[in-house]
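So the structure is just underneath, and the comments pick up after that.
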There are 2 protein chains.
Amino acid sequence: MSVQLHHEDCRVVLPSVPSESIDLIVTDPPYLMDYKSGWRKEAFDKIVGDKDGHELIRTSFAEMARVLKQNSAVYVFCSWHHVDFFKREFEQHFTLKNLLVWVKNNTGPGDLEASYAPMHELVLYGMKGRRLLKGGRTPDVIRFKRVNGESMIHPTEKPVDLCRFFIEKSSEPGDVVLDPFMGSGTTGEAALSCDRQFIGIEIAANHFMTSKARLSQIQPVLF
Amino acid sequence: MSVQLHHEDCRVVLPSVPSESIDLIVTDPPYLMDYKSGWRKEAFDKIVGDKDGHELIRTSFAEMARVLKQNSAVYVFCSWHHVDFFKREFEQHFTLKNLLVWVKNNTGPGDLEASYAPMHELVLYGMKGRRLLKGGRTPDVIRFKRVNGESMIHPTEKPVDLCRFFIEKSSEPGDVVLDPFMGSGTTGEAALSCDRQFIGIEIAANHFMTSKARLSQIQPVLF
DNA sequence: ACTACGGTTGAATCCTGAA
DNA sequence: GTTCAGGATTCAACCGTAG
């Protein structure tokens with residue numbers, strides 16, 4: 001059992017991960033949206049969505065496909081704004097099985113007069129080979145409460161419960177879960193909470209420190 | 001006030017529709033999936049999903065953009081399987097404002113062991129120019145009961161309530177609603193039920209007869 | 001032409017206090 | 001202790017305008 005964290009660009013770290021050594025990937029890459037919260041602008045830096053973003057996704061997806069074991073699953077968060085790009089890149093490496101809909105508990109802003117109020121995010125769910133889901137059949141529309149703003153430590157933080165839901169659906173205790181875009185370490189916390197091993201990669205120093213501290217509280221962390 | 005129906009390929013009919021004469025488009029084109037209902041296959045013909053399908057979407061979208069008035073909205077049903085293709089074609093002609101999620105009340109079939117159970121369909125919502133939504137702000141996740149199998153007269157039939165919801169959000173009484181892929185006439189029934197005019201086009205003889213009969217019961221139909 | 005910034009909705013949920 | 005009503009809170013935006 002172990003937790004292994006890397007403070008580095010995942011494009012640098014992944015090539016040193018052995019092929020077919022990962023049992024499950026659950027990750028939340030940058031949405032390439034030039035997003036900056038207008039509500040908590042002092043709290044978080046802008047998430048970059050530069051031209052490099054497309055290359056980042058392409059390269060990391062290819063490496064993710066290499067390190068993933070046969071008959072193992074992948075979950076990639078994504079927004080509808082660029083779902084076409086993410087879907088096509090995803091399908092170059094994995095069999096896309098569902099476009100899951102995460103329905104949140106409240107709406108966001110946006111165009112207040114001419115748009116419907118954003119209340120969901122998408123998750124590309126796929127696999128290499130064929131892997132069955134555990135725990136019975138569940139709908140592809142999944143409702144989970146958003147992380148409460150006060151306790152939020154990353155601007156786009158995902159609920160631990162949602163990540164654990166995916167992990168328990170698509171892996172076994174003891175399996176190795178990878179997140180190449182670790183952020184605040186939500187996937188890591190979810191993995192450890194249900195007895196999986198975890199490998200996390202994060203390029204940003206502040207987020208890396210956050211997740212290192214967060215996961216160290218649960219279990220000794222290796223580097 | 002009028003209902004106008006055409007039994008023909010929409011690529012043939014649309015060129016004769018004047019530019020900027022339509023107030024709203026709500027349509028459910030073929031999903032390009034080689035769809036065939038496994039449990040009622042005898043009831044419906046296979047909906048064609050051949051290479052011609054891509055050309056059909058491209059050509060009809062271009063014509064839809066031409067006939068639509070400035071500052072008017074478009075709703076196009078689509079499944080996640082080809083959302084990348086539909087999104088890109090849509091964005092060549094319209095401003096995409098939302099990817100709406102229609103959540104059904106029950107799940108469909110599909111891979112029973114390795115997939116999540118399909119419970120939603122997508123709707124591309126966009127516009128030409130800028131058009132405000134009526135009736136307050138509503139979430140982009142919309143729950144409506146699916147048309148049940150027994151009363152279904154078309155394999156991909158959408159609920160009248162859902163179509164009426166879109167129509168009332170994005171048009172005024174007396175406006176002209178167009179559906180170039182009329183199918184069983186659901187959009188037409190929805191349009192008439194809230195006092196809009198309707199132009200419907202359907203290539204398949206059986207579906208055309210169905211919708212002609214269905215709409216004639218509500219209002220005299222022109223050809 | 002760009003970039004940066006201020007202002008804004010409605011809905012779900014949580015909190016607080018009273019019945 | 002429990003329920004319920006009312007207030008507070010928050011939002012993987014986007015428009016319009018100013019510089």
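In the text below, chain A, chain B and the rest are named by the order of the sequence lines, each starting its count at 1. These values consider heavy atoms only, across backbone and side chains, with no hydrogens, waters or symmetry-generated copies.
Distance from the side chain of R130(B) is smallest to dC15(D) among dT9(C), dA12(C), dC15(D). Minimum atom distance to the side chain of P109(A) is reached by dA13(D), of the listed dA12(C), dT8(C), dA13(D).
Ion pairing between D23(B) and K69(B) holds under the 4.0 Å rule for side-chain N and carboxylate O. The existence of a salt bridge linking R66(A) and E63(A) is confirmed by a sub-4.0 Å separation between a basic side-chain nitrogen and an acidic carboxylate oxygen. D84(B) and K87(B) are not joined by a salt bridge, as no carboxylate oxygen comes within less than 4.0 angstrom of a charged side-chain nitrogen. Contact check on R11(B) versus E55(B) returns no salt bridge, with no Lys/Arg side-chain nitrogen under 4.0 Å from an Asp/Glu carboxylate oxygen. Between E121(B) and K104(B) there is a salt bridge, since at least one side-chain N of the basic residue sits less than 4.0 Å from a carboxylate O of the acidic one. Using a 4.0 Å cut-off between charged side-chain N and carboxylate O, K212(A) and E202(A) make no salt bridge.
The CZ atom of R143(A) sits 14 Å away from the P atom of dA11(C) (whole-angstrom rounding). Whole-Å rounding puts the W80(A) CH2 to dA13(D) P distance at 10 Å. Straight-line distance from the CG atom of L133(B) to the P atom of dC15(D): 13 Å, rounded to whole Å. As a whole-Å value, the separation of K169(B) NZ from dG10(C) C1' is 10 Å. Distance K104(A) NZ to dT13(C) P: 14 Å, rounded to the nearest Å. Taking atom CG of residue L112(A) and atom C1' of nucleotide dG6(C), one finds them 13 Å apart after rounding to whole Å. K134(B) places its NZ atom 16 Å from the P atom of dG10(C), with the value rounded to the nearest Å. The CZ atom of F144(A) sits 13 Å away from the P atom of dT13(C) (whole-angstrom rounding).
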remark   = For DNA chain C, the dot-bracket notation using Watson-Crick and G-U wobble pairs below 3.5 Å, [ ] for pseudoknot-type crossings and | for other-strand pairs, is .|||||||.||||||||||
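The six-membered or imidazole ring of F94(B) lies near that of F90(B), with a centre-to-centre distance under 6.0 Å. H54(A) and F85(A) have their aromatic ring centers within a separation under 6.0 angstrom.
Under the 30°/60° scheme for interplanar angles, the aromatic rings of H93(A) and F61(A) are found to stand perpendicular.
Where M119(A) and R137(B) each meet DNA chain C at their nearest nucleotide, the meeting point lying more 5' is that of R137(B). Position along DNA chain C of the nearest nucleotide to G110(A) versus K145(A) favours G110(A) as the more 5'-ward residue. Between E121(A) and E113(A), it is E121(A) whose nearest contact on DNA chain D lies nearer the 5' terminus.
Residue contacts for S79(A): at a heavy-atom cut-off of 4.0 Å it reaches no nucleic acid atom on any strand shown.
Taking only distance into account, the side chain of N106(A) meets the base of dT10(D) through a donor-acceptor pair shorter than 3.5 Å.
Residue H81(A) places at least one side-chain N or O under 4.0 Å from the OP1 or OP2 atom of dC14(D).
Within a heavy-atom distance below 4.0 Å of DNA chain D, the residues of residues 93-101 of chain B found are K97(B).
Checking each of M119(B), K158(B), R143(B) against W102(B) for a side chain to side chain contact (heavy atoms under 4.5 Å, CB included) leaves exactly one that passes, namely K158(B).
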